Structure formats: C-alpha cells, structure tokens
Amino acid sequence: AQSVTQPDIHITVSEGASLELRCNYSYGATPYLFWYVQSPGQGLQLLLKYFSGDTLVQGIKGFEAEFKRSQSSFNLRKPSVHWSDAAEYFCAVVINNAGNMLTFGGGTRLMVKP
Amino acid sequence: ETGVTQTPRHLVMGMTNKKSLKCEQHLGHNAMYWYKQSAKKPLELMFVYSLEERVENNSVPSRFSPECPNSSHLFLHLHTLQPEDSALYLCASSQRFRGADEQYFGPGTRLTVT
C-alpha cells in the first residue's frame, strides 16, 4: 500500500543542537514531497517542497530537506534548533498527475530543551 | 481578514444535533479542501472542491456533507455524528487542484461530539 512514514513520534533536542526528522514514502514513482509544521492551536504551514531538480531543498525558518531516491526518503534538517521550533512536523506527498491531494505521515512532535 | 479563516474555532455537539463548519479563503484560490486530524490517525483528506471537479474520500461517512457555493466559501454540514468524529477539522485552499500547488491551511475547528 502507498504510504508516508515518519518513524519518530516524539523527538527532544536541546536548544542549539542540530535536528533531523525522518520521512519515508512508498510509491511506485517519485511523488511531490512536502514538509509542514503545526504549532499548537494553529493550522499547518508549509516549510518546503520538492518537485524535481536539486535534491537539497531550502525552506523557511532555516530548514532544509534532502530527497534521496535510493532510500525513498525526504528527511528534514536544521543545523541549530531554536525554542520556537517546538511544534509538530508533518511530511506529505502528492502523487503526480493525481490532483493536489496531500497524503500525510503520522507526524513528529518536536520538543526543545533549554 | 487574510488567508484562510474557519468558524467556529470550537464546537461541542450532541449526536443528534445538526451543525455546520464554515471556511472562507481570502486568497483568490480556486480549490478548497477539508481535512480531518484526529489523535489516532494521520491527517486525512475528506473532500476537495475546485472549479473543475469535486473529489471525495470514499471512506468518509455520509453524515459529513460538504457544500461549496463559490470559490471562496466551503462548508461542512454535520448530522448525527458519533463520538469518534471528535477531531480537528482543517480547511485549506490552493490556487489550482491539478498540479501540486502549496495549500494554505486555516486554524481548524476543534469538534467534540458528546
């Protein structure tokens, strides 16, 4: 079955430490890939997206993600986490030519220690 | 108002009630979406409306009924809901449905069914 997997439900990092959130997908072809962030009581905000081309994608708030076709992964990274990054992060895909319907992973809740 | 707004932000209803959720987008977009976010399942697309078509997730029960009177407004009519329908209902919009345009999300309506 086609799916998006975020293996880590919760992650805790210290402020200033680096961060990597994992995302794997299982589809026959490369889908369009997204990372969204949701702060408490808020809707989702797009951090970055990958459609084609350079496999390292820069996003807002200092985030980046790397697409690795061989691993069917699209991991999100940030070199230095700020306390304001505490939120829930969602990886999502859109299947090419299937219409703009997002399929989400289960999410990773990030907590930041002072 | 800017972006995507949703009303009410919180709703408590009994299983025999009928209520409606409202979404309005101020972005000039042509596609609107309803998503369900519950504690136990990943974010799930319920319905899509665009100028060209309507798409619905076949797993959504008939007690949920969408209405899209124009490209700026989207409603979700609720009747005879079950406690498991308690969730955060998110509305989103995008410029187009065909293609992978960024979706802009509202803050959601927190629904509790008693």
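Note that the structure is a prediction, hence the values are computed from the model and not measured. Reminder, nothing fancy here: chain letters follow the sequence lines and each chain counts from 1.
Proximity to chain A involves both the backbone and the side chain of Phe97(B), based on heavy atoms less than 4.5 angstrom apart. At a 4.5 Å heavy-atom cutoff, the contact between Gln38(A) and chain B is made by side-chain atoms alone. Both the backbone and the side chain of Gln103(B) have a heavy atom closer than 4.5 Å to some heavy atom of chain A. Heavy-atom distances place the side chain of Val55(B), and not its backbone, under 4.5 Å from chain A. Proximity to chain A is limited to the side chain of Leu90(B), based on heavy atoms less than 4.5 angstrom apart. With a threshold of 4.5 angstrom between heavy atoms, Tyr104(B) does not approach chain A through any atom at all.
Annotation: side chain of Tyr25(A) is not in contact with side chain of Thr5(A) (no heavy-atom distance under 4.5 Å).
Of the charged side-chain nitrogens involved, at least one lies within less than 4.0 Å of a carboxylate oxygen, so that Arg98(B) and Glu53(B) count as a salt-bridged pair. A salt bridge is defined here as a Lys NZ or Arg NE, NH1 or NH2 lying under 4.0 Å from an Asp or Glu carboxylate O, and Arg109(A) with Asp8(A) fails to meet this definition.
Ring planes of Tyr50(A) and Phe74(A): tilted class, angle from 30 to 60°. The aromatic rings of Phe51(A) and Tyr32(A) sit tilted, their planes meeting at an angle between 30° and 60°.
In the model, His77(B) has no side-chain atom that pairs as donor or acceptor with a side-chain atom of Ser65(B) under 3.5 Å.
Among Gln37(B), Arg9(B), Arg96(B), the residue with the largest count of heavy-atom pairs under 4.5 Å with chain A is Gln37(B).
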